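Okay, so here's the structure we're looking at.
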Amino acid sequence: MERTRGPFQRVGESGHGLFAYSYGGLSTLYAWLREAAPFSSFGAGSPGVAGSDSRIFTLIDALPEPGEGSAGSRLHITLNEAELLGDIPFYRGMSRNVLTAVERLHAKGWSERVSKALLRETHVTGLQASFLSYLKTCHRR
C-alpha cells in the first residue's frame with residue numbers, strides 16, 4: 001500500500017530553508033551554527049546579536065574548519081543601512097556585533113558558505129527586503 005502525505009505531497013526531501021528576522025534572526029544564526037536539520041540554507045535578517053559577549057561568538061570560535069565533517073549549509077546575513085549608520089545606539093551596536101561575527105566566520109574559513117547584504121532599509125522596514133535578499137541568494141532556480 002502506498003503511503004500518502006496528505007496536503008504535504010509536494011514537499012521535497014531536501015532543499016529546505018529557515019529564515020527569521022531580528023531576534024528570530026539570532027535564533028536562525030544559532031541554528032546554522034548548530035547545523036540544525038533538515039535545513040540547507042539559513043537567512044538571518046538583522047540578527048539581534050545585542051552584546052559583544054553573546055554566546056554566538058563562543059559557537060563561532062568553536063567551529064571546526066569547513067570540510068567533510070560539516071553539513072555544507074549556507075548562511076545569508078542581512079543588515080540595514082540605517083541600523084549601521086543611523087541615530088539609534090542599540091542598532092549601531094547590534095550591527096557592529098553582527099559584523100564582528102561575519103569577520104570571525106571569514107577568519108575561520110567559512111567565507112564560501114556565508115553571504116551577506118547591506119540593505120537600504122531601517123530595522124522596521126527591512127523584513128521584506130531581507131527575506132527577498134535571502135531568497136535571491138540561497139534559493140535561485
Side-chain angles (χ1 to χ4, degrees), residues 2-141:
E2 185 177 328
R3 184 174 175 212
T4 62
R5 297 184 202 174
F8 300 106
Q9 292 176 1
R10 296 183 186 185
V11 175
E13 296 294 325
S14 63
H16 301 286
L18 176 65
F19 172 85
Y21 191 77
S22 194
Y23 281 121
L26 177 63
S27 296
T28 299
L29 180 55
Y30 176 82
W32 181 79
L33 288 164
R34 303 299 290 170
E35 296 186 36
F39 304 108
S40 61
S41 68
F42 296 80
S46 293
V49 185
S52 59
D53 59 348
S54 173
R55 178 152 164 69
I56 289 297
F57 296 116
T58 305
L59 293 172
I60 291 171
D61 293 342
L63 276 175
E65 290 185 21
E68 293 180 27
S70 54
S73 59
R74 297 198 42 162
L75 172 66
H76 184 67
I77 297 174
T78 60
L79 281 174
N80 297 302
E81 193 174 271
E83 293 166 336
L84 189 60
L85 302 172
D87 295 330
I88 301 173
F90 174 80
Y91 290 128
R92 287 195 314 269
M94 180 196 74
S95 297
R96 281 192 301 272
N97 293 331
V98 171
L99 291 174
T100 298
V102 169
E103 288 173 10
R104 288 186 185 186
L105 288 166
H106 289 311
K108 298 274 299 188
W110 289 85
S111 297
E112 289 187 22
R113 296 202 191 140
V114 177
S115 57
K116 64 243 174 253
L118 181 62
L119 308 174
R120 300 196 65 173
E121 300 289 339
T122 69
H123 193 77
V124 174
T125 65
L127 172 60
Q128 182 178 10
S130 181
F131 181 63
L132 291 174
S133 178
Y134 160 68
L135 287 178
K136 288 177 187 176
T137 303
C138 295
H139 291 277
R140 288 186 220 150
R141 290 189 180 235

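Here the structure is a predicted model, which means the values were calculated and not measured. The residues of the chain are indexed from 1 along the displayed sequence.
Annotation: the span from I60 atom CD1 to T100 atom OG1 amounts to 9.0 Å, rounded to 0.5 Å. Between atom SG of residue C138 and atom CZ of residue F39 there is a gap of 13.5 Å, rounded to the nearest 0.5 Å. In this structure, T125 OG1 and R120 CZ are separated by 11.5 Å, a value rounded to the nearest 0.5 Å. A distance of 9.5 Å separates CG in L119 from CD in E81, rounded to the nearest 0.5 Å. Rounded to the nearest 0.5 angstrom, M94 CE and L99 CG are separated by 9.5 Å. If you take CG on N97 and CZ on F57, they are separated by 4.5 Å, rounding to the nearest 0.5 Å.
At a threshold of 4.5 Å between non-hydrogen side-chain atoms, the residues L105 and W32 count as touching.
For the residue pair T28 and A44, the shortest heavy atom distance occurs at CG2-N, 4.2 Å. Of all heavy-atom pairs between V98 and P47, the closest is CG2-O, 3.3 Å. Across all their heavy atoms, A31 and L18 have their closest contact at CB-CD2, 4.0 Å. Closest approach of R74 and S115 over heavy atoms only: NH2-OG, 3.5 Å. The nearest pair of heavy atoms linking G86 to R92 is O-NH1, 2.9 Å. Between S46 and N80, the shortest heavy-atom contact is OG-ND2, 3.0 Å.
Judged purely by atom type and a 3.5 angstrom limit, Y21 has no side-chain atom pairing as donor or acceptor with the backbone of Q128. Proximity of a side-chain donor or acceptor of S133 to a complementary backbone N or O of A129 within less than 3.5 Å is not detected. Between the side chain of S40 and the main chain of H16, a donor-acceptor pair closer than 3.5 Å is present. Between the side chain of K108 and the backbone N or O of L63, at least one donor-acceptor pair lies under 3.5 Å.
For H139 and S41, the side-chain atoms include at least one donor-acceptor pair closer than 3.5 Å.
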### Task
Evaluate the side-chain contact (heavy atoms from CB on, under 4.5 Å) criterion for residues F42 and L29: first the C-alpha distance (whole Å), next the side-chain angles of each, then the deciding distance (0.1 Å), finally the verdict.
CA-CA 7 Å; F42 296 80; L29 180 55; over 6 Å; no
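Between Y134 and F131, the ring-plane angle classifies as tilted under the 30° and 60° cut-offs.
Listed by chain and residue number, D61 satisfy the salt bridge (Lys or Arg N to Asp or Glu O under 4.0 Å) test with R104 (two or more places apart in sequence, or in another chain).
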